[in-house]
Amino acid sequence: MARDGQERRTERSRPGGSAVALSTAYDTALLDLDGVVYFAGGAAIPYAVEALVAARDGGMRLAYVTNNALRTPDTVAAHLTELGVPAAPGDVVTSAQAVARLVAEDVPVGSRVLVVGGEGLRVALRERGLVPVESADDEPVAVVQGYGGPDMGWGRFAEAAYAIGRGVPWYASNTDLTIPGARGIGPGNGAAVEVVRIATGGRVEPKVAGKPQPPMHRETVLRTGAERPLVVGDRLDTDIEGAFGGGVDSLLVLTGVTDVATLLAAVPAHRPTYVAADLRGLLTGQPEVGADGDGGFLCGGWRAAVSGDALVLEGAAGADPLDGVRALCGAAWTWAGSGACGLDAGKALARLGL
């Protein structure tokens, strides 16, 4: 079950355990999309559709939480439904919605807001009673910047710089430096934010709404009504850090950008409560990681420990490799304490075939 934030911060020297399926232990899954539900090209990740349908049929609410401010909730819901996971627009929470709420709390209804981004931002602002405009000369009271797609021109960044230079407050949906696409990794909204920052002399910082910042977590909880949420993601610096900052539990799936070596080196704010190969992890419990009293950490048929400047791993034939990962996390995170583990994990990971 979810624990209070202080417990979680002090206990996360090893992954947690659950005697029941995570879809039973938590009432709502707050799911990232890219690298979790589907690949960058839009195709479903193996086992994702079946696992989500089973979790939903078992009573777990599914909410899809994305830092991508370009697409509207209607568009995202239609894509998920096409993949085989029926979803309504109300099941989707975007950083555009989170930043629109942030702006609406600071300016009167009906205010003009300069939009540097795509349709997702415009729809979210209108939902809050704000008026999207296109030029710094339209007398905006705020500038909102979000990912606008690969074809967004430099003129949009110039409009933002002109308005910010005149003293107009600046907001950003998120600051992810990169975004995955069908052809590879491209510059994300964070890179575009840096363009505007440079153009304005670095004198102003935007208010940021998206993961891992608190406004995104707040938006998600307000829209879903989750009481025992579980954040599910593939990125340590957005999904898992956002869960840590919000004081809720998290599940890292290894279908996206984070590999096991990066997980072992994670600082406390980036350490997930649970680890799974893919979304089938929602449908099972997770074994406890125990200490053996001799400096080792046990999980399933594996024992992990620190020897010199390396992590070492011993395991029984046929033992689940994910249990080996969990045991290694216990050894690495305990050794690192409040820092990042710099121990050599090469041989240990080779034993797992990772």
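Just so you know, residue 1 is the first one in the sequence shown, and it goes up from there.
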If I take atom [atom1] from residue [X] and atom [atom2] from residue [Y], how far apart are they, to the nearest 0.5 angstrom?
X: Leu236; Y: Arg271; atom1: CG; atom2: CZ; value: 11.0 Å
X: Lys211; Y: Ser95; atom1: NZ; atom2: OG; value: 9.0 Å
X: Glu194; Y: Phe157; atom1: CD; atom2: CZ; value: 12.0 Å
X: Asp237; Y: Arg235; atom1: CG; atom2: CZ; value: 5.0 Å
X: Gln145; Y: Asn174; atom1: CD; atom2: CG; value: 9.5 Å
X: Asp323; Y: Glu288; atom1: CG; atom2: CD; value: 12.0 Å

Ignoring hydrogens and angles, tell me if any N or O in the side chain of [X] forms a donor-acceptor pair with the backbone of [Y] under 3.5 Å.
X: Asp27; Y: Glu227; result: yes
X: Thr255; Y: Gly35; result: yes
X: Thr334; Y: Ala331; result: no
X: Arg203; Y: Thr200; result: yes
X: Gln213; Y: Val208; result: no
X: Ser23; Y: Leu283; result: no
X: His217; Y: Ala243; result: no
X: Thr24; Y: Val20; result: no
X: Ser307; Y: Ala310; result: no
X: Asp292; Y: Asp294; result: yes

Restricting to non-hydrogen atoms, name the atom on [X] and the atom on [Y] that form the minimum distance, rounded to 0.1 Å.
X: Cys341; Y: Ala265; answer: O-CB, 3.5 Å
X: Ala160; Y: Val143; answer: CB-CG1, 4.0 Å
X: Ala98; Y: Ala209; answer: C-CB, 3.8 Å
X: Pro212; Y: Thr238; answer: CB-O, 3.6 Å
X: Ala340; Y: Val267; answer: CB-CG1, 3.9 Å
X: Glu134; Y: Val115; answer: OE1-O, 4.3 Å

With distance as the sole criterion, is a donor-acceptor pair present between the side chains of [X] and [Y] under 3.5 Å?
X: Asp137; Y: Tyr162; value: no
X: Glu314; Y: Trp302; value: no
X: Thr262; Y: Asp259; value: yes

Option from Leu31, Val253, Asp234 for which side-chain contact (heavy atoms from CB on, under 4.5 Å) with Asp239 holds: Asp234
Criterion side-chain contact (heavy atoms from CB on, under 4.5 Å) against Leu251, the qualifying member of Leu22, Leu30, Thr273: Leu22
Any pair counted as salt bridge (Lys or Arg N to Asp or Glu O under 4.0 Å), so long as it reaches residues 54-63, sequence neighbours left out: Arg61-Asp91
What about [X] and [Y], same hydrophobic cluster or not, with Ile/Leu/Val/Met/Phe/Trp/Tyr joined at side-chain heavy-atom distances under 4.5 Å?
X: Tyr38; Y: Leu279; result: yes
X: Val53; Y: Val37; result: yes
X: Val231; Y: Val221; result: no
X: Val144; Y: Val168; result: no
X: Val312; Y: Val325; result: no

Please tabulate, one pair per line, all N/O donor-acceptor pairs under 3.5 Å involving side-chain atoms of residues 344-354, not counting sequence neighbours.
| unit_1 | atom_1 | unit_2 | atom_2 | d |
| --- | --- | --- | --- | --- |
| Asp344 | OD1 | Gly346 | N | 2.9 |
| Arg351 | NH1 | Leu313 | O | 2.7 |

Would you say that [X] contacts [Y] through its side chain, given a criterion of any heavy-atom pair below 4.5 Å between the two side chains?
X: Val36; Y: Val232; result: yes
X: Leu121; Y: Pro132; result: no
X: Leu130; Y: Val109; result: no
X: Leu230; Y: Tyr274; result: yes
X: Leu252; Y: Leu263; result: yes
X: Leu102; Y: Pro215; result: yes
X: Phe297; Y: Cys329; result: no
X: Leu70; Y: Thr94; result: no

Lys/Arg cation over aromatic Tyr26: Arg228, 6.0 Å, 45° cone: no
Working for side-chain contact (heavy atoms from CB on, under 4.5 Å), residues Val93 and Tyr64: CA-CA 6 Å; Val93 185; Tyr64 302 95; over 6 Å; no
Over 12 foreign heavy atoms within 6.0 Å of CD, Glu127: yes
Verdict with supporting geometry, Trp154 and Glu159, side-chain contact (heavy atoms from CB on, under 4.5 Å): CA-CA 9 Å; Trp154 283 89; Glu159 292 297 329; over 6 Å; no
Worked check of side-chain contact (heavy atoms from CB on, under 4.5 Å) between Ile179 and Ile185: CA-CA 6 Å; Ile179 187 167; Ile185 302 298; over 6 Å; no
Derivation and outcome, side-chain hydrogen bond (donor to acceptor under 3.5 Å, both in side chains), residues Tyr147 and Asn67: CA-CA 9 Å; Tyr147 182 67; Asn67 260 4; over 6 Å; no
Sidechain N-carboxylate O distance under 4.0 Å for Arg218, Glu105: yes
Worked check of side-chain contact (heavy atoms from CB on, under 4.5 Å) between Asp138 and Leu114: CA-CA 8 Å; Asp138 290 331; Leu114 174 60; 6.0 Å; no
Derivation of the side-chain hydrogen bond (donor to acceptor under 3.5 Å, both in side chains) call for Arg326 and Gln286: CA-CA 10 Å; Arg326 296 175 183 118; Gln286 295 239 339; 3.1 Å; yes
